[in-house]
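For clarity, every value in this text was computed on a predicted model and none was experimentally measured.
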Amino acid sequence: MTSKLAVVTVTYWSGDHLRTFLESLVHATSSVPPVIIADNGSGDGAPEAADREHDNVTLVHTGGNLGYGGAINRAVRELDDDVEFIVIANPDVEWSPGAIDELVAAAARWPRAGSLGPLIREPDGSVYPSARRVPDLVSGTGHALLGTVWKSNPWSAAYRADDVAPSERPVGWLSGSCLLVRREAFDAINGFDDRYFMYMEDVDLGDRLGRAGWLNVYIPGAEVTHAKGHTADKRPETMLPAHHRSAYRFQADRNPGVLRAPIRLALRVGLAIRCRLAVRAARHSAAADA
């Protein structure tokens, strides 16, 4: 489709997922794009094996665990200046045939698209709500507090855009597990905000692209399957606090100033309480399964 396409991913003990990612990538595009793997300190040998076995793969050791957005930024810095489109994807994504070519074709149809995202399926075949509205203070708080205990609550439904059938359209933000970004747009907003260690970095990216005049466009004609959370699910004591810190950062950044200090305090306290409850529940669940 284009010689100006590149793929970047981040590994952290990704294991066999990375092999599936690279093997299915062959069928996702008619080109052979360079692939940059930013490794955040894996010890499973998977990134090194990929570097040895694939001529188009370049492995970059980040020197530590930079988180997802920070490591993607590091990988992007390795790309040639003439790369026009960057595929950003988790290493536990499996590509459907022609998925990337369809995203690139859609980018031509949407010249103001800063990011384009495919339909993402769960391993069981169900559709993951990857094209969502940007959460405001009310919907974001409602979803954060009730999303796990009352999944059909109106705030979560609005946030996930449950009332909209899959269709090619601009949306608030797209899941960072698989994106095609226009290099010009990504560079214009300085990429991911690496203050987000994990979670919400994609919400922030989509929101900042929108504020800068770009579109985030959902392209359900392209499909991928995402194993989702293969690392995060194993470390709830680390990942759940990271999720809550990111949720606070997103809303705090959008509610600055002295007058909104009480809002930020309420958010911090509420999310801290919710985080403790979530970690406790995860520990109890793990003990019950042991």
Could you tell me whether Asp81 atom CG has more than 12 heavy atoms of other residues or ligands within 6.0 Å of it?
-> no
Exercise: do Tyr68 and Asn90 side chains pair donor with acceptor under 3.5 Å = yes
Spacing of CG belonging to Asn73 relative to CD belonging to Glu78, to within rounding of 0.5 Å | 12.5 Å
Hydrophobic cluster of Ile273, others only, ordered by chain and residue number, side-chain cut-off 4.5 Å = Leu265, Val269, Leu277
Do the side chain of Thr62 and the main chain of Asp39 share a donor and acceptor less than 3.5 angstrom apart?
-> yes
By side chain to side chain donor-acceptor pair (under 3.5 Å), Glu23 pairs with (sequence neighbours left out) none
I would like to know whether Val104 and Leu180 meet side-chain contact (heavy atoms from CB on, under 4.5 Å); could you show each step before the answer?
-> CA-CA 8 Å; Val104 174; Leu180 177 76; 4.1 Å; yes
Val181 versus Ile88: any side-chain heavy-atom pair under 4.5 Å?
-> yes
Starting at CD1 of Ile100, measure out to OG1 of Thr29 and round the result to the nearest 0.5 Å.
-> 5.5 Å
Is the backbone of Arg183 close enough, under 3.5 Å, to the side chain of Glu84 for a donor and an acceptor to pair up by distance?
-> no
Electrostatic pair Arg109:Glu102 at N-O distance under 4.0 angstrom = yes
Is there a donor-acceptor contact under 3.5 Å from the side chain of Ser24 to the main chain of Phe21?
-> yes
Would you confirm whether Ser246, through its side chain, and Met198, through its main-chain N or O, come within 3.5 Å as a donor-acceptor pair?
-> yes
Heavy atoms from other residues, nucleotides or ligands near CG of Asp16 exceed 12 (cutoff 6.0 Å) = no
Output for pair (Arg77 CZ, Ile72 CD1), nearest 0.5 Å, gives 11.5 Å
Is it the case that Trp110 and Glu168 place a side-chain donor and acceptor less than 3.5 Å from each other?
-> yes
Run the salt-bridge test on Arg195 and Glu201 with the 4.0 Å N-O cut-off and return the result as yes or no.
-> no
Are Val32 and Leu59 connected in a single hydrophobic cluster, I mean Ile/Leu/Val/Met/Phe/Trp/Tyr linked by side-chain heavy atoms less than 4.5 Å apart?
-> no
Rounded to the nearest 0.5 Å, what separation is found between the OG atom of Ser177 and the NE2 atom of His226?
-> 5.0 Å
Please confirm whether Arg112 makes a cation-pi placement over Trp214, using NZ or CZ under 6.0 Å from the six-membered ring centre and within 45° of the ring normal.
-> yes
Asn216 side chain to Leu174 backbone, donor-acceptor under 3.5 Å | no
Quick one: CZ on Arg211 to CG on Asp204, what's the gap to the nearest 0.5 Å?
-> 9.0 Å
Do we get Arg169 above Tyr218's six-membered ring, with its NZ or CZ under 6.0 Å from the centre and within 45° of the axis?
-> no
Between Tyr199 and Arg245, does a side-chain contact (heavy atoms from CB on, under 4.5 Å) hold up when you go through it step by step?
-> CA-CA 9 Å; Tyr199 304 108; Arg245 285 193 298 270; over 6 Å; no
Just checking, Arg254 and Phe250: is the charged tip under 6.0 Å from the six-membered ring centre and within 45° of the axis?
-> yes
Is it true that a side-chain atom of Asp92 and a backbone atom of His17 form a donor plus acceptor pair closer than 3.5 Å?
-> no
Heavy-atom pair with the smallest gap, counting every atom of Trp95 and Val224 = CE3-CG1, 3.6 Å
So do Thr58 and Ile37 actually touch side chain to side chain, heavy atoms under 4.5 Å?
-> no
Would you say the side chain of Asp194 lies within less than 4.5 Å of the side chain of Leu66, judging by non-hydrogen atoms?
-> no
Step-by-step side-chain contact (heavy atoms from CB on, under 4.5 Å) determination, Arg249 to Met200 = CA-CA 9 Å; Arg249 183 180 301 283; Met200 300 293 291; over 6 Å; no
Say you draw a straight line from NE2 of His61 to OG of Ser42; how long is it, rounded to the nearest 0.5 Å?
-> 9.0 Å
For the pair Phe192 and Phe186, name the ring-plane relationship: parallel under 30°, tilted 30 to 60°, perpendicular over 60°.
-> perpendicular
Ser175 side chain to Ser130 main-chain N or O, any donor-acceptor pair under 3.5 Å?
-> no
Could you state whether Leu205 and Val76 fall into the same hydrophobic cluster, counting links through intermediate Ile, Leu, Val, Met, Phe, Trp or Tyr residues with side-chain heavy atoms under 4.5 angstrom apart?
-> yes
Answer whether the closest heavy-atom distance between the side chains of Thr225 and Glu122 falls below 4.5 Å.
-> no
Are Val10 and Val60 connected in a single hydrophobic cluster, I mean Ile/Leu/Val/Met/Phe/Trp/Tyr linked by side-chain heavy atoms less than 4.5 Å apart?
-> yes
Asp202 backbone acceptor or donor facing Trp173 side chain under 3.5 Å = no
Nearest heavy-atom contact between Leu271 and His244 is O-CD2, 3.3 Å
Step-by-step side-chain contact (heavy atoms from CB on, under 4.5 Å) determination, Val87 to Leu103 = CA-CA 9 Å; Val87 175; Leu103 290 173; 5.8 Å; no
With side chains defined as the heavy atoms from C-beta onward, is the minimum distance between Leu116 and Leu179 less than 4.5 Å?
-> no
